[in-house]
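Working notes, structure below.
It should be emphasised that the depicted structure is a prediction, and the values quoted were computed from it without experimental measurement. Sequential numbering from 1 along the given sequence is applied to the chain's residues.
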Amino acid sequence: MVRDYSNWDESDVRVRANKKGSRPRTKDRPAHEDAVIGRIITVDRGRYTAIVDEDLPGERVLIAARARELRRSPVVAGDFVALVGDTSGTPDTLARLVRVEERRTLLRRSADDTDPVERVVVANADQLVIVVAAANPEPRTGFIDRALVAAYDSGIDPILLVTKADIKDPAELLANYEHLDMTVIISRTASAGAADAASAIDARSDDGDSALLAGGAVELLRGHLDGKVSVLVGHSGVGKSTMVNALTGSRRATGGVNAVTGRGRHTSSSALALRLQDGQPRSWIIDTPGIRSFGLAHVDADRILHAFPDLQPGTDNCERGCRHDSAAVNCGLDPWVAGGHAGDAGPARLASLRRLLGTSTRTEGRAEAKELGSTG
């Protein structure tokens, strides 16, 4: 039987009720104009600790849960966020985190050079303090170079802090970075409990010369951190948490180095922002868990080159399209380094750059292959 619908109107149409509710769905979200703004100081298992009304009489710390619409958005230490609900900060109360404010800077890394997924480390940092030990564990220029790339790419000023300089002279290590406009601080301490007992340190002055300065490494570093937000990164066992304790008066756990593997033991499990002791308002130190790899899959080759300002002028004589890797023909970097323009450490610096460029090229190739495979 064929039905005749020609005489039907809207009154003849029945709408089946939505089993999940009759309220229409919308993408519009409330503006939360009454939200209070807080600074995230740590993240732990889906709970966000924030400080609101910072440096004001009503300053308080509260715990928040992330709103459903932000479930896929990373929220990290250093973020400024909008909070609603119970923002009193009284025990056993929970606020709701509804918005992440615009970030000034964003320090990122990937798990390795083949992982395209970015991992946000911290937000809104002014400085990156790269902590390495002169020995035990042995310093790795590859890690320092990667951290420098991440810092320059994020618009964050780097500081190199070398600990345990009384075990081994770090002069050979520092020769790799003598042409960089970067603050270098050397702590002559070996034991985990003696970070503030340093009687003298070496620091690189603004003109690039080394100068012996009186006073403890802690106090000198404090002067560079005062009034700024600084994040400390480094392998486990280099004395990072010890230095943080000395600077903030906190009691972060410290650990030694495994005698068999030569690697440090992890003592921090999550990033934590701590106030600089006796510092100016808004002086924060963000201690991060020990990082063993600093992947740069998210940084393209051109931006990697910017982290090697001692080599970059050599590219002026490169042919158009030169990738500056080891297979490049007539790359201007080779005569630049051979001519001594990058100093005695030039060959090692060029080798490090090309290692990073090689991993970047391979990552780009895999991404292109994946894209072609999905569209082919």
Item to check | Connected via hydrophobic side-chain network under 4.5 Å: Tyr48 and Leu272 | outcome: no
Next on the checklist: Which Ile, Leu, Val, Met, Phe, Trp or Tyr residues join Leu94 in one cluster when any pair of side-chain heavy atoms under 4.5 Å counts as a link?
Outcome noted: Ile63
Checklist entry - Does a donor on one side chain and an acceptor on the other come within less than 3.5 Å for Asn176 and Thr141? => result no
Next on the checklist: Working note: Leu128 + Tyr152, criterion side-chain contact (heavy atoms from CB on, under 4.5 Å); need CA distance, chi angles, decisive distance, verdict.
Outcome noted: CA-CA 10 Å; Leu128 175 65; Tyr152 291 134; over 6 Å; no
Next on the checklist: If you compare all heavy atoms of Cys318 against all heavy atoms of Leu333, which two are closest, and at what distance to 0.1 Å?
Outcome noted: SG-N, 4.4 Å
Next on the checklist: Quick one, Leu106 with Arg103, criterion side-chain contact (heavy atoms from CB on, under 4.5 Å). Give me CA distance, side-chain angles, the key distance, then yes/no.
Outcome noted: CA-CA 7 Å; Leu106 192 62; Arg103 293 155 165 163; 3.8 Å; yes
Checklist outcome for this item: CD of Glu54 to CZ of Arg39, rounded to nearest 0.5 Å, is 4.0 Å
Checklist outcome for this item: Here the pair of heavy atoms bringing Asn136 nearest to Lys164 is O-NZ, 2.6 Å
Checklist entry - Under 3.5 Å, side chain of Thr42 to main-chain N/O of Thr49, donor-acceptor pair present? => result no
Item to check | Asn124 and Thr105 side chains, donor-acceptor separation under 3.5 Å | outcome: no
Checklist entry - Should Ile286 and Leu232 count as side-chain neighbours, where that means a heavy-atom distance under 4.5 Å? => result no
Next on the checklist: How about CD on Glu101, more than 12 heavy atoms from neighbouring residues, nucleotides or ligands closer than 6.0 Å, or not?
Outcome noted: yes
Checklist entry - If you take all heavy atoms of Ala95 and Thr87, which pair is closest and at what distance? => result CB-CG2, 4.2 Å
Item to check | Electrostatic pair Asp145:Arg140 at N-O distance under 4.0 angstrom | outcome: no
Checklist entry - Would you say the side chains of Gln127 and Asp157 form a donor-acceptor pair under 3.5 Å? => result no
Checklist outcome for this item: Taken to the nearest 0.5 Å, the spacing of Asp166 CG from Arg188 CZ works out to 8.0 Å
Checklist entry - Taking only residues two or more places apart in sequence, or in another chain, which ones meet Gln312 in a side chain to side chain donor-acceptor pair (under 3.5 Å)? => result none
Next on the checklist: What verdict does the salt bridge (Lys or Arg N to Asp or Glu O under 4.0 Å) test give for Arg222 and Asp278, after you've listed the backbone C-alpha separation in whole Å, the side-chain angles of each residue and the deciding distance to 0.1 Å?
Outcome noted: CA-CA 10 Å; Arg222 185 190 304 276; Asp278 300 324; 5.4 Å; no
Checklist entry - Does Asp53 CG have over 12 foreign heavy atoms under 6.0 Å away? => result yes
Checklist entry - What is the distance from atom CZ of Arg66 to atom OG of Ser73, rounded to the nearest 0.5 Å? => result 7.0 Å
Item to check | Single-linkage hydrophobic cluster, 4.5 Å side-chain cutoff, Val81 and Leu70 together | outcome: yes
Item to check | Heavy-atom side-chain contact between Ile159 and His224 under 4.5 Å | outcome: yes
Item to check | Trace of the salt bridge (Lys or Arg N to Asp or Glu O under 4.0 Å) decision for Glu59 with Arg275 | outcome: CA-CA 14 Å; Glu59 179 182 290; Arg275 273 197 170 102; 2.7 Å; yes
Item to check | Separation of Gln280 CD from Asp226 CG (nearest 0.5 Å) | outcome: 4.0 Å
Next on the checklist: Quick one, Ile41 and Leu274 - any side-chain contact, counting heavy atoms below 4.5 Å?
Outcome noted: no
Checklist entry - Side-chain contact, heavy-atom cut-off 4.5 Å: Leu173 with Val132? => result yes
Checklist entry - Please walk me through it: do Lys240 and His235 pass side-chain contact (heavy atoms from CB on, under 4.5 Å)? => result CA-CA 8 Å; Lys240 180 168 55 67; His235 293 301; over 6 Å; no
Checklist entry - CG of Asp287 to OG of Ser250: how many Å apart, nearest 0.5 Å? => result 8.0 Å
Checklist entry - Hey, are the side chains of Val231 and Val229 touching, using non-hydrogen atoms and a 4.5 Å cut-off? => result no
Item to check | Derivation of the salt bridge (Lys or Arg N to Asp or Glu O under 4.0 Å) call for Asp310 and Arg349 | outcome: CA-CA 9 Å; Asp310 49 334; Arg349 292 277 291 165; 3.0 Å; yes
Item to check | Closest non-hydrogen atom pair, Ala133 against Val238 | outcome: N-CG1, 3.8 Å
Next on the checklist: Side-chain heavy atoms nearer than 4.5 Å, only ILVMFWY residues, links allowed to pass through others: does that put Phe143 and Met182 together?
Outcome noted: yes
Checklist outcome for this item: Scanning both residues in full, the closest heavy-atom pair of Pro281 with Asp55 reads CB-OD2, 3.4 Å
Item to check | Partner of Ile304 under side-chain contact (heavy atoms from CB on, under 4.5 Å), chosen from Leu357, Leu148, Asp153 | outcome: Leu357
Item to check | Check: Ser352 side chain, Ala348 main-chain N or O, donor-acceptor pair, under 3.5 Å | outcome: no
Checklist entry - Do the side chain of Arg99 and the main chain of Ala35 share a donor and acceptor less than 3.5 angstrom apart? => result no
Checklist entry - Hey, mind stepping through Leu305 and Leu353 against side-chain contact (heavy atoms from CB on, under 4.5 Å) and telling me if it holds? => result CA-CA 7 Å; Leu305 185 59; Leu353 169 64; 3.7 Å; yes
Checklist entry - Does Val98 share a hydrophobic cluster with Phe80, counting links as ILVMFWY side-chain heavy atoms below 4.5 Å and allowing steps through other members? => result no
Checklist entry - Are any non-hydrogen side-chain atoms of Leu221 and Met243 less than 4.5 angstrom apart? => result yes
Checklist entry - Any side-chain heavy atom of Thr315 within less than 4.5 Å of one from Cys322? => result no
Checklist entry - Does the side chain of Leu62 come within less than 4.5 Å of Thr93's, by heavy atoms? => result no
Item to check | Asp79 (side chain) donor-acceptor with Val76 (main chain) under 3.5 angstrom | outcome: yes
Item to check | Minimum-distance pair of heavy atoms, taken over all atoms of Ser283 and Gly227 | outcome: OG-N, 2.5 Å
Checklist entry - Are Leu220 and Val129 grouped together when hydrophobic residues (ILVMFWY) are joined by side-chain heavy atoms under 4.5 angstrom apart? => result yes
Checklist entry - In Å, rounded to the nearest 0.5 Å, how long is the span from NE2 of His324 to CG of Leu356? => result 13.5 Å
Item to check | Presence of salt bridge, Arg96 and Asp86, under 4.0 angstrom | outcome: no
